[in-house]
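Working notes, structure below.
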Amino acid sequence: MQSENPAVAKPTPIFLATRNRHKTREIQEMLGSGVLVTDATTVPELPEIEETGTTFEANSRLKAEGISRHVPGIVLADDSGLEVDALSKEPGVYSARYAGPGCTDEQNTALVLEKTVGVLHTERTARFRCVLAVAENGVTLATFDGTVEGILATEVRGAGGFGYDPIFMPLGYSETFGELSSEVKHGMSHRSRALAQFKQWWAARQ
Ligand code: IMP
């Protein structure tokens with residue numbers, strides 16, 4: 001029989017209001033082994049929260065509040081996306097469904113590239129934005145935001161990351177997030193910047 005080693009602390013559980021396994025994986029990697037991130041894929045009966053907001057903050061609050069009514073403890077939600085200046089900040093809050101309902105990351109990426117054909121390098125400025133909301137019992141306790149500025153590539157490059165990563169070069173790099181390692185991405189990403197603030201808030205609360 002295996003005895004429990006008291007020197008090995010149990011990871012602190014945290015619930016992430018998403019069915020996007022890429023977000024869960026990234027947040028788990030960034031929070032480290034002291035935290036165990038579970039998400040809505042493990043609780044199929046949770047309701048689908050409609051993202052009716054027009055801002056990242058509104059949608060992250062909707063998801064955190066909606067799911068925290070069904071899950072005990074604090075719930076974290078991430079609303080994020082890509083803003084392309086040459087497209088008047090599209091796809092923005094519609095990033096996940098830019099090419100239509102049920103579309104794939106590849107279709108979204110292809111649509112952004114198609115709509116920016118002929119846009120000069122100097123005009124290809126873009127950014128990823130992320131707002132994290134933390135809620136308990138249907139009430140938002142805090143929100144945190146993070147941004148990473150960059151340039152839109154003209155073709156898909158790299159197989160790492162997810163979503164629009166293969167067409168986004170963070171400022172100072174000629175590689176896309178799809179080509180850069182996850183360590184490099186996590187060192188500067190919109191999500192890691194928002195998560196750093198959440199970690200401070202959480203530590204102060206323990
Ligand atoms: P949400 O689930 O409504 O927040 O939509 C998020 C969408 O934004 C994702 O499905 C991706 O298309 C895009 N997105 C958010 N964060 C990232 C990222 O770190 N890399 C690439 N695409 C991202």
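Fair warning: this is a prediction, and the values are worked out from it, not measured in the lab. Each ligand, and each atom within it, is numbered from 1 in the order the structure gives.
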Quick test of your reading of the structure: of Ser80, Ser189, Gly163, whose heavy atom lies closest to atom 7 (C) of ligand 1? Ser80

Taking atom 11 (C) of ligand 1 as the point of reference, which of Tyr164, Phe168, Phe56, Tyr98 owns the nearest heavy atom?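 Among Tyr164, Phe168, Phe56, Tyr98, the closest heavy atom to atom 11 (C) of ligand 1 belongs to Tyr164.
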
Qualifying residue for side chain to side chain contact (heavy atoms under 4.5 Å, CB included) with Tyr164, from Val84, Thr109, Leu152: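 Only match with Tyr164 under side chain to side chain contact (heavy atoms under 4.5 Å, CB included): Thr109.
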
Heavy-atom count check: over 12 atoms from other residues, nucleotides or ligands less than 6.0 Å from [X] [atom1]?
| X | atom1 | result |
| --- | --- | --- |
| Glu155 | CD | yes |
| Arg25 | CZ | yes |
| Gln200 | CD | no |

With a 4.0 Å cut-off on N to O distance, would you call Arg127 and Asp85 a salt bridge?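 Salt bridge flag = yes for Asp85 with Arg127.
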
Which residue and atom name correspond to the protein heavy atom nearest [atom], and how close is it?
| atom | answer |
| --- | --- |
| atom 19 (O) of ligand 1 | Lys185 NZ, 2.8 Å |
| atom 14 (N) of ligand 1 | Phe162 CE1, 4.1 Å |
| atom 20 (N) of ligand 1 | Asp165 OD1, 2.7 Å |
| atom 3 (O) of ligand 1 | Glu51 OE1, 2.8 Å |
| atom 23 (C) of ligand 1 | Phe128 CE2, 3.7 Å |
| atom 16 (N) of ligand 1 | Arg191 NH2, 2.9 Å |

In chain order, what residues pass the side chain to side chain contact (heavy atoms under 4.5 Å, CB included) check against Glu179, with sequence neighbours excluded?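 Expected list: Arg157, Glu175, Thr176.
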
Suppose we screen for side chain to side chain contact (heavy atoms under 4.5 Å, CB included). Which residues come up paired with Glu90, at least two apart in sequence or across chains? Leu87, Tyr98, Lys115

Can you name the atoms of ligand 1, numbered from 1 with element, that are less than 4.0 Å from a heavy atom of [X]?
| X | value |
| --- | --- |
| Asp79 | 1 (P), 3 (O), 4 (O) |
| Asp78 | 4 (O) |
| His190 | 16 (N), 17 (C), 18 (C), 19 (O) |

Are Arg19 and Leu46 close enough that some pair of their side-chain heavy atoms sits under 4.5 Å apart?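 In contact.
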
Would [X] count as a contact of ligand 1 if the rule is a heavy atom under 4.0 Å away?
| X | result |
| --- | --- |
| Leu82 | no |
| Lys23 | yes |
| Arg19 | no |

Among Thr18, Thr24, Asn20, find the residue that satisfies the side chain to side chain donor-acceptor pair (under 3.5 Å) test when tested with Asp39.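 By the side chain to side chain donor-acceptor pair (under 3.5 Å) criterion, Asp39 pairs with just one of Thr18, Thr24, Asn20: Thr24.
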
Examine the proximity of ligand 1 to Arg97 and report which part, side chain or backbone, both or neither, has a heavy atom under 4.0 Å away. neither

Return the orientation label for the Phe162 and His22 ring planes: parallel under 30°, perpendicular over 60°, tilted otherwise.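 Geometry flag for His22 against Phe162: parallel rings.
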
